[in-house]
Amino acid sequence: MSRNTVQKYVRELEYKALIITEPTKYESKNGQVQNGNLIYTIRPIQPAVDAYNEGQAAKIWRR
């Protein structure tokens with residue numbers, strides 16, 4: 001996959017509150033602080049499922 005595709009889907013997972021991303025920093029050998037990797041935390045699925053189900057129920061009631 002391309003980098004843009006991965007970024008798009010990571011943002012979507014964050015928007016849906018299924019993952020949390022946390023940036024890291026590190027100090028290089030010459031003392032400069034630089035950006036590191038992202039830490040990905042997978043959140044519990046049940047709150048996302050509940051929110052989805054509530055949204056589906058709201059669509060039914062609007063009909």
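The structure places CD of E22 at 5.0 Å from OG1 of T41, a figure rounded to the nearest 0.5 Å. With values rounded to the nearest 0.5 angstrom, I20 atom CD1 is found 12.0 Å from L13 atom CG.
Shown here are the salt bridge (charged side-chain N to carboxylate O under 4.0 Å, His left out) partners of K16, two or more places apart in sequence or in another chain: E12. By the side-chain hydrogen bond (donor to acceptor under 3.5 Å, both in side chains) test, N35 pairs with K25, sequence neighbours left out.
Follow the hydrophobic side-chain contacts under 4.5 Å out from I45 and you reach I19 in the same cluster. Each of Y15 and Y9 belongs to its own hydrophobic cluster when Ile, Leu, Val, Met, Phe, Trp and Tyr are linked at side-chain heavy-atom distances under 4.5 angstrom.
Annotation: I39, atom CD1; neighbour count of heavy atoms from other residues, nucleotides and ligands within 6.0 Å is above 12.
Here the side chain of T24 pairs a donor or acceptor atom with the backbone of N37 at under 3.5 angstrom.
At a threshold of 4.5 Å between non-hydrogen side-chain atoms, the residues S2 and T5 count as touching.
Smallest separation of non-hydrogen atoms from A48 and L18: CB-CD2, 3.2 Å.
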Distance-only donor-acceptor pairs under 3.5 Å for side chains of residues 26-34, two or more places apart:
from	atom 1	to	atom 2	distance (Å)
Y26	OH	Q34	OE1	2.8
S28	OG	N30	OD1	2.4
S28	OG	Q32	N	3.3
S28	OG	Q32	O	3.3
N30	OD1	Q32	N	3.3

